[in-house]
Amino acid sequence: MSVLVTGGTGYIGSHTCVVLIEAGYDVIIADNLYNSKLDVLDKIESITGKKPKFYCADVSNKEELDVIFKENKIDSILHFAGYKAVGESVGVPLKYYRNNLLGTIALAECALEYQVPKFIFSSSATVYGDGSVPYRESNPLLPSTNPYGETKVMSERILSDTAKVNPGLSVTLLRYFNPIGAHKSGLIGEIPVGTPNNLMPYITQVAKGKLAKLRVFGSDYDTVDGTGVRDFIHVVDLAYGHMAALEKMKQGVNVYNLGTGKGTSVLELIHTFQNVNNITIPYDIVDRRPGDVASSYADVSKAWEELGWKTEKSVEDMCRDSWFFEKNQ
Ligand code: NAD
Ligand code: UDP
């Protein structure tokens with residue numbers, strides 16, 4: 001079974017490549033290295049004993065994709081490649097629409113042209129907007145506060161419409177909650193460019209002394225302690241979720257939440273990080289960040305019932321592994 005992993009040198013893609021290679025899949029990566037480095041391939045090799053085949057290719061460029069599909073018999077596509085900086089997408093929407101939508105379209109065209117039966121797409125809990133928690137896959141998709149989120153909704157639609165009229169192609173849309181953590185080896189993890197926007201990379205950089213203080217955005221939400229609540233998921237659990245989705249793929253279009261089903265507040269995450277790693281994280285409580293929802297966590301029953309997948313790692317594991325990776329940088 002050969003799997004094309006777009007964005008495979010990135011954060012979630014690299015962990016998924018490790019899990020797939022360890023399970024015996026033939027992994028081919030396509031990534032233009034916009035937000036990742038080539039040495040991730042050596043790190044994947046150190047962990048698994050096997051270096052995946054790599055194409056430095058832009059997935060929004062159909063000609064570059066043709067080369068890959070002509071040279072390899074691809075059985076499944078796992079499409080991670082895309083831009084993901086929410087704030088940046090507000091300032092330069094066309095950059096996001098172009099890259100994320102054209103990538104999805106070009107890959108879907110290749111899936112049809114080269115008769116690839118399985119397509120898995122990296123979507124996000126952001127498609128639920130500010131709906132009621134826990135989010136279920138059947139919830140309505142709400143307009144996003146940013147172009148990044150819109151590219152997820154639109155990509156889901158593009159792939160669903162395509163699969164509906166092409167019975168040879170099945171599509172699984174995976175809606176991730178908040179991936180954090182890193183591989184236990186400390187070799188691969190999330191490497192943000194510039195100052196991080198997301199909570200965990202910010203915490204680890206404060207822990208390391210690269211940043212002085214964390215800002216906690218808002219303490220007046222209707223939550224357990226007033227701070228935002230999120231469903232943090234260990235990236236390795238998330239990677240196993242992809243393998244389960246691949247192996248249990250059903251005909252047609254199917255959607256699954258990938259989360260733990262449990263909400264953790266910003267303050268709870270900070271306190272767990274401090275306790276597990278024995279480090280103090282200085283923080284100030286500041287105003288809410290525009291566009292943030294109070295609570296976001298998944299109903300994960302569908303993934304368990306249909307894919308036989310659930311998470312195994314704790315918030316403690318996530319905090320320990322995130323810090324171990326950051327220390328190794
Ligand atoms: P990442 O930036 O670490 O990885 C994405 C990879 O895609 C990078 O290696 C980048 O170089 C590559 N890429 C971008 N545009 C490309 C293009 N046109 N052609 C080829 N390669 C390209 O991001 P990640 O955190 O691993 O996220 C993977 C996917 O999951 C993304 O689609 C993201 O939107 C989605 N997602 C991420 C999160 C999260 O919190 N990390 C949450 C929900 C959904
Ligand atoms: N957050 C914070 N300080 C930061 C970054 C994030 O308080 O420096 C909060 C944010 O307001 C939200 C939660 O942490 O409640 C998760 O934010 P993140 O950006 O990691 O993920 P999101 O859920 O927004 O995709």
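Remember, it's 1-based here, ligands and their atoms both numbered in the order they're listed.
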Subject >> Interfacing atoms of ligand 1 (cut-off 4.0 Å, heavy-atom, Leu33) >> reply: 11 (O)
**OP:** Could you tell me the residue and atom name of the protein heavy atom closest to atom 4 (O) of ligand 1, and the distance to it rounded to 0.1 Å?
**Re:** Gly10 CA, 3.5 Å
Original post:
For ligand 1, which atoms have a heavy atom of Ser122 less than 4.0 angstrom away?
Top reply: 29 (C), 30 (O), 32 (O), 35 (C)
Subject >> Whether Ala125 lies under 4.0 Å from ligand 1, heavy atom >> reply: no
Ligand 2 polar-atom proximity to protein (N/O, under 3.5 Å):
| unit_1 | atom_1 | unit_2 | atom_2 | d |
| --- | --- | --- | --- | --- |
| ligand 2 | 3 (N) | Arg215 | O | 2.7 |
| ligand 2 | 7 (O) | Arg215 | O | 3.4 |
| ligand 2 | 7 (O) | Phe217 | N | 2.9 |
| ligand 2 | 11 (O) | Asp292 | OD2 | 2.6 |
| ligand 2 | 17 (O) | Arg289 | NH2 | 3.4 |
| ligand 2 | 19 (O) | Asn198 | ND2 | 3.0 |
| ligand 2 | 19 (O) | Arg289 | NH1 | 3.4 |
| ligand 2 | 19 (O) | Arg289 | NH2 | 2.8 |
| ligand 2 | 20 (O) | Asn198 | ND2 | 3.4 |
| ligand 2 | 20 (O) | Leu199 | N | 2.9 |
| ligand 2 | 21 (O) | Asn178 | ND2 | 3.1 |
| ligand 2 | 23 (O) | Asn178 | ND2 | 3.0 |
| ligand 2 | 23 (O) | Arg230 | NE | 2.6 |
| ligand 2 | 24 (O) | Arg289 | NH2 | 3.0 |

**OP:** Answer yes if the side chains of Thr260 and Asp231 hold a donor-acceptor pair under 3.5 Å, and no otherwise.
**Re:** yes
Subject >> Per atom 34 (O) of ligand 1, closest listed option by heavy atom (Phe177, Tyr148, Phe121) >> reply: Tyr148
Original post:
Is Tyr83 in polar range of ligand 1, meaning some N or O pair under 3.5 Å apart?
Top reply: no
Original post:
What residue among Asn328, Ile279, Val276 forms side-chain contact (heavy atoms from CB on, under 4.5 Å) with Trp323?
Top reply: Ile279
Subject >> Hydrophobic cluster of Val286, others only, ordered by chain and residue number, side-chain cut-off 4.5 Å >> reply: Phe217
Subject >> Proximity flag Asn99 to ligand 1, non-hydrogen atoms under 4.0 Å >> reply: yes
Original post:
So, Asn275 versus Thr272: side-chain donor-acceptor pair below 3.5 Å or not?
Top reply: no
Original post:
Between the side chains of Arg175 and Tyr135, does any donor sit under 3.5 Å from an acceptor?
Top reply: no
Original post:
Just checking, is any N or O donor in the side chain of Glu88 or Tyr148 under 3.5 Å from an acceptor N or O on the other one?
Top reply: no
**OP:** Would you sort out whether Lys62 and Glu109 count as a salt bridge (Lys or Arg N to Asp or Glu O under 4.0 Å), showing the intermediate values?
**Re:** CA-CA 8 Å; Lys62 175 76 166 46; Glu109 286 170 346; 5.2 Å; no
Original post:
Considering only the protein, which heavy-atom contact is closest to atom 2 (O) of ligand 1, and what is its distance?
Top reply: Asn35 ND2, 2.7 Å
**OP:** Go through the steps for Asp321 and Lys184 under the test salt bridge (Lys or Arg N to Asp or Glu O under 4.0 Å), then give the verdict.
**Re:** CA-CA 6 Å; Asp321 293 343; Lys184 63 176 187 299; over 6 Å; no
Subject >> Any N or O of Ala81 closer than 3.5 Å to N or O of ligand 1 >> reply: no
**OP:** May I ask which of Ile191, Leu107, Ile12, Val5 has a heavy atom nearer to atom 41 (N) of ligand 1 than the others do?
**Re:** Ile12
Original post:
Going through the distances and angles, do Thr280 and Gln274 end up as a side-chain contact (heavy atoms from CB on, under 4.5 Å)?
Top reply: CA-CA 6 Å; Thr280 303; Gln274 297 189 135; 4.0 Å; yes
**OP:** Could you tell me the residue and atom name of the protein heavy atom closest to atom 3 (O) of ligand 1, and the distance to it rounded to 0.1 Å?
**Re:** Tyr11 N, 2.8 Å
Original post:
If you look at every heavy atom in Ala81 and Thr6, which pair is closest and at what distance?
Top reply: N-OG1, 3.0 Å
**OP:** Among all protein heavy atoms, pick out the one at the shortest distance from atom 19 (N) of ligand 1; state its residue, atom name and that distance to 0.1 Å.
**Re:** Val59 N, 2.9 Å
**OP:** Starting from atom 24 (P) of ligand 1, find the nearest protein heavy-atom neighbour and note its residue, name and distance.
**Re:** Lys84 NZ, 3.7 Å
Subject >> salt bridge (Lys or Arg N to Asp or Glu O under 4.0 Å) evaluation trace for Arg288 with Asp220 >> reply: CA-CA 8 Å; Arg288 292 180 178 193; Asp220 57 350; 3.0 Å; yes
Subject >> Heavy-atom gap Lys152 to ligand 1 smaller than 4.0 Å >> reply: yes
**OP:** With sequence neighbours excluded, tell me which residues meet ring-ring contact (aromatic ring centres under 6.0 Å, His included) with Phe54.
**Re:** none
**OP:** Tell me which one of Asn32, Leu78, Thr16 gets a heavy atom nearest to atom 21 (N) of ligand 1.
**Re:** Asn32
Original post:
Does some non-hydrogen atom of Pro179 fall short of 4.0 Å from ligand 1?
Top reply: yes
Subject >> Atoms of ligand 1 close to Asp58 [distance to a heavy atom under 4.0 angstrom, numbered from 1] >> reply: 17 (C), 18 (N), 19 (N)
Original post:
Looking at Gly7, which atoms of ligand 1 are within less than 4.0 Å of one of its heavy atoms?
Top reply: 6 (C), 7 (O)
Original post:
Closest non-hydrogen protein atom to atom 8 (C) of ligand 1, residue and atom name please, with distance?
Top reply: Asp31 OD2, 3.4 Å
**OP:** Consider only side-chain N and O atoms of Asn35 and Tyr83, and report whether a donor and an acceptor are under 3.5 Å apart.
**Re:** no
Original post:
Can you tell me the protein heavy atom closest to atom 29 (C) of ligand 1 and the distance?
Top reply: Phe80 O, 3.1 Å
**OP:** Would you check if there is a donor-acceptor pair between the side chains of Asn72 and Lys53 at a distance under 3.5 Å?
**Re:** yes
Subject >> Options Cys56, Ser36, Gly8, Ala57, ranked by nearest heavy atom to atom 20 (C) of ligand 1, top entry >> reply: Ala57
Original post:
Do any heavy atoms of Ser123 fall under 4.0 Å from ligand 1?
Top reply: yes
Original post:
What residue and atom, counting heavy atoms only, is the protein's closest point to atom 5 (C) of ligand 1, and at what distance?
Top reply: Gly82 O, 3.9 Å
**OP:** Consider only side-chain N and O atoms of Glu312 and Tyr240, and report whether a donor and an acceptor are under 3.5 Å apart.
**Re:** no
**OP:** Please could you name the atoms of ligand 1 that Tyr34 approaches to less than 4.0 Å, counting only its heavy atoms?
**Re:** 11 (O)
Original post:
Any idea which atoms of ligand 1 are less than 4.0 Å away from a heavy-atom of Ser124?
Top reply: 43 (C), 44 (C)
Original post:
Can you pull the side-chain hydrogen bond (donor to acceptor under 3.5 Å, both in side chains) pairs that have at least one residue in residues 193-209, sequence neighbours excluded?
Top reply: Thr204-Glu326
